[in-house]
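I have placed the structure first, in the form of structure tokens, so that the comments after it can refer back to it.
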Number of protein chains: 2
Amino acid sequence: MDSLTEENYIKSIYALSLATGEVFVSELAKKLNIKQPSVNSMMKRLATKKVVAYAPYKGIRLTEKGKKEALSIIRRHRLAELFLVKVMELGWEEVHDIAEQLEHVDSKRFYSRMDEMLNFPKFDPHGEPIPDSNGKIYTQKRTALSDLVEGLTATIAAVGEDEKSFLDHLNAKGLQIGDTVTLKKRELFDGSVTLQHKSKKEILLTHQVAERIWVE
Amino acid sequence: MDSLTEENYIKSIYALSLATGEVFVSELAKKLNIKQPSVNSMMKRLATKKVVAYAPYKGIRLTEKGKKEALSIIRRHRLAELFLVKVMELGWEEVHDIAEQLEHVDSKRFYSRMDEMLNFPKFDPHGEPIPDSNGKIYTQKRTALSDLVEGLTATIAAVGEDEKSFLDHLNAKGLQIGDTVTLKKRELFDGSVTLQHKSKKEILLTHQVAERIWVE
DNA sequence: TTAAAAAGTTAGACTATTCTAACAAATTAA
DNA sequence: TTAATTTGTTAGAATAGTCTAACTTTTTAA
Ligand SMILES: [Mn+2]
Ligand SMILES: [Mn+2]
Ligand SMILES: [Mn+2]
Ligand SMILES: [Mn+2]
């Protein structure tokens, strides 16, 4: 079994390698807020455990075993987040930090009961897909709200971040998963967008925020 | 803040010192399944943190601060166990191991929501009192089923152990918290007892089992 | 194609936990 | 009240994680 620390490394490697399949020591170090030499020695350890493929000066990539483990951790994290929102009625902005801890709980029963109580859900409270128990995960290219064509209407499907500060911001703007928005105007100068919201209100979002909202 | 390891020491010290107020290095070592020198060095550390009062060759005792921390951990453990049984519908025999992990989750919200959902419960699934958020805990002398006078009828209030193997045994015997039993006969030879159960069945328990069941 | 700059490694050190071996104090038994 | 036996402590070592300092390789820019 992996330690909590190892699980966190694996999860981060998975997230960072989604785009290109590989990650660099420097990226991992920044993401985990630790120094490069620490990452370097952990990679040697994970390589010994056959979780990553790693050769000096080359990028890091998860092995099939490593991917399986990553998806299992992500499954637990997202299932926990949804449970906290649906069953325990916490806000979508306060569940990530708790799920960071619950994802390391070692108990098949705990998670299978969550899964049952939530009726085998497919998405977490932030719209992210929940891998199934075999590690299969729903994926499809998504459109960022910042790239939506002017004049078009779309539905908010997911948010690309679940940090409290970002979600507090969306709460303040009155935006939620499932909301329908129409892109009224995109400023050429700074990429900020003005939305027409179902609430009839016009909402202004900076590019930084709009690019973290996925629509379909 | 205390580490998970420190929390486990504190909880064990509390449990072992209930009777006399103090614990010995050897007892703690046995309970935690670690060697005496490890306990010794941890006691030095906890003494520095003012969690225990400790002098070489003298017993260990929790300070007021240590007791508060112990009760807070026990509260989280028991709240979690009850939540797992009442909300997640797990069996009383399978919740202890999960609660051992959940008790270390650092989140006021998580526990206050459990408390609310359970309507501020006073007892856990094993009949043990749940300390309130100020650390107050209900206590009263209890009678062991093994000490019940022959012929008397009583109600099972709690079980003194929540290990799966013990609870599986009670499940097999058909005994639960709240059940009314009459002590039909106590064998002088081995202290085993025969009960008349509400289910009309007669149940035979060894002394070892009967002394771990509290009645009132 | 050199010279910076960036990225990655090694070496050595430190904290948290725990262990074994060896020694000391306290308790128990003869 | 000696001699065992039990309990507790010290010393020294090991593993998991991390860090800083000092290189080494790669990459980027000039
Ligand atoms: Mn999350
Ligand atoms: Mn999420
Ligand atoms: Mn328990
Ligand atoms: Mn219990």
Side-chain angles (χ1 to χ4, degrees), chain A residues 1-17 19-62 66 69-70 73 100-101 103-106, chain B residues 1-13 15-17 19-62 66 69-70 73 100-101 103-104 106:
Chain A
M1 250 305 92
D2 299 313
S3 67
L4 178 152
T5 306
E6 289 169 334
E7 289 197 337
N8 285 333
Y9 270 94
I10 293 169
K11 203 168 42 134
S12 293
I13 295 170
Y14 181 88
L16 292 173
S17 60
T20 63
E22 72 179 342
V23 198
F24 297 96
V25 172
S26 50
E27 295 178 278
L28 246 189
K30 179 177 290 182
K31 169 118 171 171
L32 292 168
N33 255 298
I34 58 186
K35 304 300 175 180
Q36 289 188 344
S38 305
V39 171
N40 180 266
S41 57
M42 180 58 87
M43 289 313 103
K44 288 177 182 168
R45 172 133 42 107
L46 293 182
T48 302
K49 298 181 93 173
K50 307 284 188 200
V51 167
V52 302
Y54 177 62
Y57 297 103
K58 303 296 177 199
I60 300 153
R61 41 182 76 235
L62 289 173
E69 292 181 16
I73 301 163
E100 282 292 318
Q101 301 180 64
E103 73 189 11
H104 303 293
V105 167
D106 178 24
Chain B
M1 249 305 91
D2 299 313
S3 68
L4 179 152
T5 306
E6 289 169 335
E7 289 196 337
N8 285 334
Y9 269 94
I10 293 169
K11 202 168 42 133
S12 293
I13 295 169
L16 293 173
S17 61
T20 63
E22 72 179 342
V23 198
F24 297 95
V25 171
S26 49
E27 295 178 278
L28 247 190
K30 179 177 290 182
K31 170 118 173 170
L32 292 169
N33 257 298
I34 57 185
K35 305 299 176 181
Q36 290 186 344
S38 306
V39 171
N40 181 268
S41 58
M42 180 58 87
M43 289 313 103
K44 288 176 182 169
R45 171 133 45 108
L46 293 182
T48 303
K49 298 180 95 174
K50 307 285 187 199
V51 167
V52 302
Y54 178 62
Y57 296 103
K58 302 299 176 196
I60 300 153
R61 42 181 76 234
L62 289 174
E69 292 182 16
I73 301 163
E100 283 291 318
Q101 301 179 65
E103 73 191 10
H104 303 293
D106 178 24

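A, B, ... follow the sequence lines: proteins, then strands. Residue 1 opens every chain.
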Quick one: are [X] and [Y] in side-chain contact, heavy atoms under 4.5 Å?
| X | Y | value |
| --- | --- | --- |
| B:His104 | A:Gln101 | no |
| B:Phe24 | B:Val39 | no |
| B:Lys31 | B:Lys11 | no |

Nucleotide [N], atom [atom2] - distance to [atom1] of [X] in whole Å:
| X | N | atom1 | atom2 | value |
| --- | --- | --- | --- | --- |
| A:Phe24 | C:dG8 | CZ | C1' | 11 Å |
| B:Asn40 | D:dT10 | CG | P | 6 Å |
| A:Lys49 | D:dT15 | NZ | C1' | 13 Å |
| B:Ile34 | C:dT20 | CD1 | P | 12 Å |
| B:Lys35 | D:dT10 | NZ | C1' | 17 Å |
| A:Lys44 | D:dA16 | NZ | P | 14 Å |
| A:Gln36 | C:dA7 | CD | C1' | 6 Å |
| A:Glu22 | C:dA7 | CD | C1' | 13 Å |

With a non-hydrogen cut-off below 4.0 angstrom, is [X] in contact with a base, only sugar-phosphate, or nothing?
| X | value |
| --- | --- |
| B:Lys58 | nothing |
| A:Pro56 | sugar-phosphate |
| A:Lys30 | nothing |
| B:Ser41 | base |
| A:Thr5 | sugar-phosphate |

>> Does a side-chain N or O of B:Tyr9 approach OP1 or OP2 of C:dA16 to a distance below 4.0 Å, or not?
In response: no
>> Strictly below 4.0 Å: does B:Ser3 bring a side-chain N or O up to OP1 or OP2 of C:dA16?
In response: no
> Between CG of A:Leu16 and CG of A:Leu32, what distance do you get to the nearest 0.5 Å?
Replying inline: 8.0 Å
>> So, applying side chain to side chain contact (heavy atoms under 4.5 Å, CB included) with A:Leu62, which one of A:Ile13, A:Leu46, A:Val23 is it?
In response: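 The single option meeting the side chain to side chain contact (heavy atoms under 4.5 Å, CB included) with A:Leu62 is A:Ile13.
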> Among D:dG8, C:dT9, C:dC19, which nucleotide sits nearest the side chain of B:Tyr57?
Replying inline: D:dG8
> Closer to the 5' end of DNA chain D via nearest nucleotide, is it A:Met42 or B:Pro37?
Replying inline: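 By nearest-heavy-atom nucleotide position, the 5'-most residue is B:Pro37.
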